[in-house]
Amino acid sequence: MGFAGRRNGNRGSFSYLLEFVIIIAGIMVSFLLNEWRENNREQEKKYQLLLELNQDLAGDSVHLEASIKLYEGMLRGYDSLLNNPNAEFNEDSLNFYIDRVTSYYVFQGNKSTYLKLNNDPNIVLNKQDSLLETFLVIHDQLYRHLQEWSSIDKRFVLDQLLPYMDLNAPFYYPPPPMMSFQGKVFYELKKEDAFMNLLKSGRTYKGAMVQVLQNALNTISTFKQRVDNQLKQAEK
């Protein structure tokens, strides 16, 4: 009787131990399963961000291409006036040149995905997330550099060129549609060294803008190709 009781007691202890091990194992499995699910959600979120930033890059590329063409048009206006100061220009062409001389454009990249990445406290970037990190660098450094140059060109037009034109450009009314001045003001203004110096300065800024925009487009195009390749691999 005593022996049987001890044996039953040992069995009871073993059963309790087994139940405890099973409970601990269940908790661990549940924890690992939950961690696996969280990792999957995180990876899915990052994949969706790659899709969205790829769309942003596509839109920014189109925007950059249009900006380059616009600034190349401005450059043609400057070069035509600087290289042919004594020419008699066609009226429409001269209107175009003067309008481009007094114009500027500020590029603004799409910030939708950039803001999502920066404002989501649950996103943790790892070594394998180099594309997401590079995208942030593009906005923080490349786009900021581009905006600084845009600001320089804008300030030159607003603070120097247009005030000079307002004070010194002959008054011709009405100006062409969507323009501030009739092009023939050039025939009087070209006699002034101050105006010709402004043209030379403006040409420098516009040339710099074309170069900065082109460099940005090249960087975006190369990076977008990397994103495209990553997305294709993820789809396999």
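- Under the salt bridge (Lys or Arg N to Asp or Glu O under 4.0 Å) test applied with D228, the options R226, K232, K224 reduce to a single match, K224.
- Taken to the nearest 0.5 Å, the NZ atom of K69 stands 12.5 Å off from the CG atom of L64.
- A salt bridge links D120 to K45: at least one charged side-chain nitrogen sits closer than 4.0 Å to a carboxylate oxygen.
- Every side-chain hydrogen bond (donor to acceptor under 3.5 Å, both in side chains) that Q48 has, sequence neighbours left out, goes to E44.
- Under the rule for a salt bridge (Lys or Arg N to Asp or Glu O under 4.0 Å), the partners of E188 that lie at least two apart in sequence or sit in another chain are K191.
- Residues M165 and V101 form no side-chain contact, since every pair of their non-hydrogen atoms from C-beta on lies 4.5 Å or further apart.
- In this structure, a donor-acceptor pair under 3.5 Å is present between the side chains of N218 and Q214.
- For K116, the salt bridge (Lys or Arg N to Asp or Glu O under 4.0 Å) test picks out E52, with sequence neighbours left out.
- Residues passing the salt bridge (Lys or Arg N to Asp or Glu O under 4.0 Å) test with R144, sequence neighbours excluded: none.
- The salt bridge (charged side-chain N to carboxylate O under 4.0 Å, His left out) analysis of residues 82-107, with sequence neighbours excluded, yields no pairs.
- Y173 forms part of a hydrophobic cluster together with F171, judged by ILVMFWY side-chain heavy-atom separations under 4.5 Å.
- The ring of F107 has its center closer than 6.0 angstrom to the ring center of Y143.
- Residues that satisfy the ring pair (Phe, Tyr, Trp, His ring centres under 6.0 Å) test with Y105, not counting sequence neighbours, are H63.
- For Y97, the ring pair (Phe, Tyr, Trp, His ring centres under 6.0 Å) test picks out F89, with sequence neighbours left out.
- By the salt bridge (Lys or Arg N to Asp or Glu O under 4.0 Å) test, D140 is found to be paired with no residue, residues two or more places apart in sequence or in another chain being considered.
- With sequence neighbours left out, Y78 forms a ring pair (Phe, Tyr, Trp, His ring centres under 6.0 Å) with no residue at all.
- Identified under the ring pair (Phe, Tyr, Trp, His ring centres under 6.0 Å) test for residues 191-215, with sequence neighbours left out: F156-Y205.
- Shown here are the side-chain hydrogen bond (donor to acceptor under 3.5 Å, both in side chains) partners of T113, two or more places apart in sequence or in another chain: D56.
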